[in-house]
There are 2 protein chains.
Amino acid sequence: MTIRDVAVRAGVSAATVSRVFSRPESVTLETRRRVLSAADELRYAPHPVARSLARGNTGNLGLVVPDIAVAFCAVVTKAVSHRARRAGYALFVADSDDRSAPLAADDVRSARAMARQVDGMLLLSPTMSDDDLRALAETVPVVVVNRALDGLPGVLMPSAQGAVAAVEHLHALGHRRLAYLAGPDNYSNRARQAAFGDTCRRLGVDGIVLGSFDPTFDAGVRAADLVLAAGATGVLAYNDDIAAGVVGRLADRGAAVPSRCSVVGFDDTALASMITPRLTTVRLPMADAGEVAVGLLLDLLRGVPPRPGPVELPVELIVRGSTGTAPEVAA
Amino acid sequence: MTIRDVAVRAGVSAATVSRVFSRPESVTLETRRRVLSAADELRYAPHPVARSLARGNTGNLGLVVPDIAVAFCAVVTKAVSHRARRAGYALFVADSDDRSAPLAADDVRSARAMARQVDGMLLLSPTMSDDDLRALAETVPVVVVNRALDGLPGVLMPSAQGAVAAVEHLHALGHRRLAYLAGPDNYSNRARQAAFGDTCRRLGVDGIVLGSFDPTFDAGVRAADLVLAAGATGVLAYNDDIAAGVVGRLADRGAAVPSRCSVVGFDDTALASMITPRLTTVRLPMADAGEVAVGLLLDLLRGVPPRPGPVELPVELIVRGSTGTAPEVAA
DNA sequence: GTGAAAGCGCTAACAC
DNA sequence: GTGTTAGCGCTTTCAC
């Protein structure tokens, strides 16, 4: 079924059929009806690929995430998907698969390939180098999430503030020896780790850094023993998965949380409310970030001048059962 | 940068450039070199959209999932994404968003729109009606996951077997009154619920059905109280999230798991190993399912005659700490 | 308001 | 092996 079939059946030209599907108001009601019913009988719908070629835009958005199976990414993806759809865009998703480092080059290539099939791209904290990223941005409108790269519009969830709040919280509970469990070496981890160190220094508490660890539960299990060995009574983990692993392992070793050791996570993924005790954690507005990022991208596509800096979304420390007064104080 | 720019720069025709990028071996090494270096200098790469239109295929695959933020879906998505990429395909993902039922029609439409931009589609247990699904399959090669629809190739993880194993397990532990916590009314839930009922009858144990519940932790929390009220000592939940909610709530109420009540989940998502006690659950080979489904789709695209029935992947009961002997027996 | 014609960038016969 | 030609299905000036 092509546009021409519909045209002959409706007794009009192909151009008119095209208009009916693009700018219906530019066609008489009468002919519009004829065309529409012809299209209906023929079960015709415009071919998006042909349309893309002729129009020079695709109606698609692209999203690159480090690991779609990680809750954080999945939540952002969902939000992006919905916002995109509401705006009439379909979504390409590429899982860049952080872990298999050798594929990084492959990654850049696949991003580039995607670039030509979409009107704009969203990059979630990619492993890609700054230069590759900039090169990509020359090709196609780009918005970055969770990464600061000046010149590029982006949305940031200022982890540093969250880390500060977490350390202050633990300090207020009387903890004097804290451990930060570092995650993968990316933008977010650097921000969190730096803020952790600074705040410990400012408050005059011991702040040690352990890791880095994979951002997984199992890594947290391993980390727990190091925490105990290091004599820390308060822990800030790179993310909720690690924190949950710590909590689980401490419970297994009979080191009760929070009476013996307090644990704070990062992200506030669903997991944080699913374990016992429920996890005190820094809530990152992941869904908002996804939505806002799409909004920025849409603006970009509409030619709205991009705002100078990145959009910062507020983070918030959510206090739950995994943190309590330090053992020395309690005793 | 179009193919023509490269052609003039390399001093050849557009067709030759095209060949260099499509079937390089059909071009002299010498001209190939010239073309390639011209392309390089011009930073040319074939435009995928134009290529799609001319070739009649897109190099893209499409995936529709009910909720990408659900661990089960995310794992399948990841596997699909990787397998597709290895085969040189990019991936469209649509989150059909089960929960907002009013969007179902919208859903069909978006699936149809996607259909024309991909060479084939993977449908993960969609809410779509059988008829809509068949209509879609007329348009584009389709493989279904977790849904039996004869005529359509698909991959199934026979939940029923898992439910049988779970009930037998609980029965062997001495439980005589079991509850099944029903999930959303879909193919998987029907299979599990039916097998639960049948097996209870066969073994002569009481089998009651509670629900249906949303497939979430919070729903499980609510379900726990109903379980206790119903006097069941063994629970089989529609999925791990519900099961985890039950475990959490029972712990809060002082009804220890498994000494007071045993709980079995479904899926073996990461969560199952993250809670205390770790969850006995029916492992579904989600990643395999994704890979196999893509394999089937690729076969379909290559014209390999589809096998008659769906591919069945083995499920397995994983026994962990959340199940133990029934209280009556223990006492 | 509608049609004719040119073209989006590439591929695929078919000649040479 | 390479060039010529004719599209893929749609949009979009430009006339009328």
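Computed from a predicted model, the values in this text were never measured in an experiment. A note on names: the letters A, B, ... follow the listed sequences, proteins ahead of strands, and every chain is numbered from 1.
- D:dG9 atom C1' lies 15 Å from atom NE2 of B:His47, rounded to whole Å.
- Checking the phosphate oxygens (OP1, OP2) of C:dT2, a side-chain nitrogen or oxygen of A:Thr31 falls inside 4.0 Å.
- Between the side chain of A:Arg116 and the base of C:dG9, no donor-acceptor pair under 3.5 Å is found.
- One atom, CZ of A:Arg33, and another, C1' of C:dG1, lie 16 Å apart when rounded to the nearest Å.
- Computed from coordinates, the B:Arg23 CZ to C:dT11 P distance equals 10 Å when rounded to whole Å.
- Of the charged side-chain nitrogens involved, none lies within less than 4.0 Å of a carboxylate oxygen, so that B:Arg43 and B:Asp5 do not count as a salt-bridged pair.
- Rounded to a whole Å, the CZ atom of B:Arg34 is 8 Å from the P atom of D:dT2.
- In terms of heavy atoms, A:Arg147 sits closest to A:Val144 at O-CG2, 3.3 Å.
- Comparing A:Arg55 and B:Arg19 against DNA chain C, the residue whose closest nucleotide sits nearer the 5' end is A:Arg55.
- Across all strands shown, A:Ser18 has heavy atoms under 4.0 Å from base atoms, whether or not it also approaches the sugar-phosphate.
- Comparing B:Leu53 and A:Phe21 by the nucleotide of DNA chain D that holds the closest heavy atom to each, the one mapping nearer the 5' end is B:Leu53.
- Contact check, A:Ser13 against C:dG3: a side-chain N or O comes under 4.0 Å of OP1 or OP2.
- With respect to the salt-bridge test (charged N to carboxylate O, under 4.0 angstrom), the residues A:Arg134 and A:Glu138 do not qualify.
- Between the C1' atom of C:dG9 and the CG atom of A:Asn57 lies a distance of 15 Å, rounded to the nearest Å.
- One atom, CZ of B:Arg51, and another, P of D:dG9, lie 18 Å apart when rounded to the nearest Å.
- Heavy atoms of B:Val12 sit under 4.0 angstrom from primed sugar atoms or phosphate atoms, though from no base atom.
- At least one side-chain nitrogen or oxygen of B:Ser22 sits closer than 4.0 Å to the OP1 or OP2 atom of C:dT11.
- Atom CZ of A:Arg4 and atom P of C:dA4 are 12 Å apart (whole Å).
- The side-chain heavy atoms of A:Pro215 and A:Val70, taken from C-beta on, include no pair separated by under 4.5 Å.
- When distances run from any side-chain atom of B:Thr28 to the nucleotides D:dG1, D:dG9, D:dG7, the shortest one goes to D:dG1.
- Checking C:dC10, D:dC10, D:dG9 against every side-chain atom of A:Pro46, the shortest atom distance belongs to D:dC10.
- Mapping B:Val27 and B:Ala50 onto DNA chain D via the closest heavy atom, the residue that lands nearer the 5' end is B:Val27.
- In plain terms, the two heavy atoms of B:Tyr187 and B:Asn146 that are nearest each other are CD2-O, 3.4 Å.
- You'll find that the side chain of A:Tyr44 is closest to D:dC10, out of D:dC10, C:dG9, C:dA4.
- The side chain of B:Thr16 contributes an N or O atom lying less than 4.0 Å from OP1 or OP2 of D:dG3.
- For the pair B:Met1 CE and C:dC10 P, the interatomic distance rounds to 11 Å; values are reported in whole Å.
- With sequence neighbours left out, the side-chain contact (heavy atoms from CB on, under 4.5 Å) criterion links B:Ala71 to B:Thr269.
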